[in-house]
Amino acid sequence: MPPEKIFESQDGLRRSELVIGYFFFGKEKKRDRMWSFWDKIDLDLKPQVYQDITSQGLDFQKRLDIPASPRDLEVRIVVYNPQNDLLGSSNMVKIE
């Protein structure tokens, strides 16, 4: 998602809300969702932090305890910005 579309300027800060969904699927039956988890992140960034994120991206790490072997799962991560109704998604590439 382009930062200029998801952040609003307010009181000298760049503000945004992101909702992140983690969806776990069995590899054999890809359409069968096994679990999902959700996070809501409120971002209130100072100008320098906003500049860093727009040039380097936002690094986000999350530890989830799941009741299955990671090798048996596929993971899709969905990021939603409710203020502007923008949606992005990615397949997880590293599971430990």
Side-chain angles (χ1 to χ4, degrees):
M1 286 186 233
E4 61 275 3
K5 292 194 176 196
I6 64 170
F7 284 93
E8 299 172 355
S9 292
Q10 186 180 26
D11 301 326
L13 299 173
R14 295 292 187 131
R15 298 178 186 266
S16 184
E17 175 185 331
L18 298 176
V19 178
I20 302 174
Y22 313 87
F23 298 91
F24 296 82
F25 300 88
K27 282 187 178 179
E28 292 180 17
K29 296 181 179 179
K30 293 185 181 191
R31 301 225 187 264
D32 291 343
R33 184 178 61 173
M34 299 173 73
W35 304 280
S36 61
F37 302 93
W38 293 89
D39 278 321
K40 179 181 169 228
I41 301 172
D42 292 312
L43 299 168
D44 297 318
L45 307 178
K46 293 180 180 178
Q48 183 58 49
V49 176
Y50 175 78
Q51 289 296 339
D52 292 344
I53 286 175
T54 57
S55 64
Q56 301 169 13
L58 176 64
D59 185 28
F60 180 78
Q61 296 181 20
K62 174 74 175 180
R63 179 179 167 85
L64 298 168
D65 293 318
I66 53 174
S69 167
R71 290 182 179 88
D72 297 334
L73 298 175
E74 290 187 7
V75 181
R76 177 163 288 268
I77 298 172
V78 175
V79 179
Y80 177 64
N81 175 246
Q83 292 105 326
N84 299 304
D85 198 28
L86 294 173
L87 183 72
S89 68
S90 177
N91 287 328
M92 185 78 160
V93 293
K94 182 178 179 183
I95 299 176
E96 296 178 352

- [ ] Under the side chain to side chain contact (heavy atoms under 4.5 Å, CB included) rule, what do F24 and L64 come out as? Steps first, then yes or no, please.
- [x] CA-CA 11 Å; F24 296 82; L64 298 168; 3.6 Å; yes
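- Put simply, CD on Q83 and NZ on K5 are 15.0 Å apart, with the number rounded to the nearest 0.5 Å.
- With sequence neighbours left out, the salt bridge (charged side-chain N to carboxylate O under 4.0 Å, His left out) criterion links D59 to no other residue.
- Of all the heavy atoms in S89 and R76, the pair that sits closest is OG-NH1, 2.8 Å.
- With S16 as reference, N81 is the one residue of D44, N84, N81 to meet the side chain to side chain donor-acceptor pair (under 3.5 Å) rule.
- A cation-pi geometry, defined here as NZ or CZ lying under 6.0 Å from the six-membered ring centre and within 45° of its normal, holds between R14 and Y50.
- Under the ring pair (Phe, Tyr, Trp, His ring centres under 6.0 Å) criterion, Y80 pairs with no residue at all, not counting sequence neighbours.
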TODO: Walk me through it: do W35 and Y22 pass the test side chain to side chain contact (heavy atoms under 4.5 Å, CB included)?
DONE: CA-CA 8 Å; W35 304 280; Y22 313 87; over 6 Å; no
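- F7 contributes atom CZ, which lies 11.0 Å from atom CG of L13 (distance to the nearest 0.5 angstrom).
- Listed here is the closest heavy atom pair of E17 and D42: CG-OD1, 3.7 Å.
- Remark: of the listed residues I53, V49, L18, L18 is the sole one forming a side-chain contact (heavy atoms from CB on, under 4.5 Å) with L43.
- Of the inter-residue distances, the one linking I6 atom CD1 with L86 atom CG reads 7.5 Å to the nearest 0.5 angstrom.
- Looking at every heavy atom in both residues, S36 comes nearest to W38 through OG-NE1, 4.0 Å.
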